[in-house]
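Take a look at the structure set out below.
In this text the structure is predicted, and so the values were computed from the model without any measurement.
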Amino acid sequence: MDGPAQAHALEVELKIIDARLGDSIPLPEYATAGAAAMDLRAAPEHPFELQPGESALVPTGLAIHIDNPGWCALILPRSGLGHRHGLVLGNLTGLIDADYQGPLMISCWNRGRAAFTIAPGDRIAQMMFVPVARARWRRVDDFAPSARGTGGFGSTGVG
């Protein structure tokens, strides 16, 4: 990889839990040179149907350890699956902390109207690594005025 993408390269430890990974189930990878996230694939023992309204915790067959508190991983839905089939994440967005070392599981929720089959190797989510900023609180009695002021939810109008 050349250019700006190389400047943010991050080495992450990957542990194979399911022996099918790298063989019949591809390892996570970026689909294109411009992709921001890597595809995550399902690794259930057998294909299964997720009925409308149901959710399931689907194994990926791997574990990761970021081991850098300046980074985390976000698990995001695949837009085509959500739009065409109603398959989204049960927790809407997953967060993998830098110190997590357990199995990577995907909470899948079928919000569609038809059953959806998930088979080993299916691309069911995507994982994006993002930098983490840790905030420190600075107590104040009042805020400096801003254009928005104390307007609440929706206070800037429609659109």
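- Tracing side-chain contacts under 4.5 Å through hydrophobic residues (I, L, V, M, F, W, Y), one reaches Y100 starting from M38; they form part of the same cluster.
- Of all heavy-atom pairs between N110 and L50, the closest is ND2-O, 2.8 Å.
- In this structure a side-chain-to-backbone donor-acceptor pair under 3.5 Å is present from Q126 to P77.
- Scanning for side-chain contact (heavy atoms from CB on, under 4.5 Å) contacts around P47 gives T117, A119, P120, with sequence neighbours left out.
- Both L104 and L10 sit in one connected hydrophobic cluster of ILVMFWY residues. Membership requires side-chain heavy atoms under 4.5 Å apart, directly or through other members.
- For the atom pair E13 CD and N68 CG, the distance stands at 11.5 Å (nearest 0.5 Å).
- Note that the CZ atom of R78 and the CG atom of L87 stand 10.0 Å from one another [nearest 0.5 Å].
- The structure places OG of S107 at 6.0 Å from CG of L57, a figure rounded to the nearest 0.5 Å.
- Here OG of S55 is found 13.5 Å from CD1 of I106. Values are rounded to the nearest 0.5 Å.
- D99 is not listed as a side-chain neighbour of D67, based on a closest heavy-atom distance of 4.5 Å or more.
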Which pairs of donor and acceptor atoms, one on a side chain in residues 19-29, lie under 3.5 Å apart (sequence neighbours left out)?
from, atom 1, to, atom 2, distance (Å)
R20, NE, D18, OD1, 3.0
R20, NE, D18, OD2, 3.2
R20, NH1, P44, O, 3.1
R20, NH2, D18, OD2, 2.7
R20, NH2, A43, O, 3.0
R20, NH2, P44, O, 2.9

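- Under the 4.5 Å side-chain heavy-atom criterion for grouping Ile, Leu, Val, Met, Phe, Trp and Tyr, L92 is not connected to V130 through any hydrophobic cluster.
- The same ILVMFWY cluster, assembled from side-chain heavy atoms under 4.5 Å apart, contains both W71 and Y30.
- Contact detail for A73 and M127: the closest heavy-atom pair is CB-CG, 3.9 Å.
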Got a list of side-chain donor-acceptor pairs under 3.5 Å for residues 133-145, not counting sequence neighbours?
none

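- Contact detail for A56 and F48: the closest heavy-atom pair is CB-CE1, 4.0 Å.
- Rounded to the nearest 0.5 angstrom, M105 CE and L62 CG are separated by 11.0 Å.
- When every heavy atom of R111 is checked against every heavy atom of V88, the shortest pair comes out as NE-CG1, 3.4 Å.
- Both I124 and L14 are part of a single hydrophobic cluster, where members link through side-chain heavy atoms under 4.5 Å apart.
- Between V12 and F129, the closest heavy-atom pair is CG2-CE2, 3.8 Å.
- Going from atom CZ of R41 over to atom OG1 of T60 covers 12.0 Å, rounded to the nearest 0.5 Å.
- Annotation for L76 and L89: closest pair C-CD1, 3.6 Å, computed over non-hydrogen atoms.
- The closest side-chain heavy-atom distance from V132 to P69 is not below 4.5 Å.
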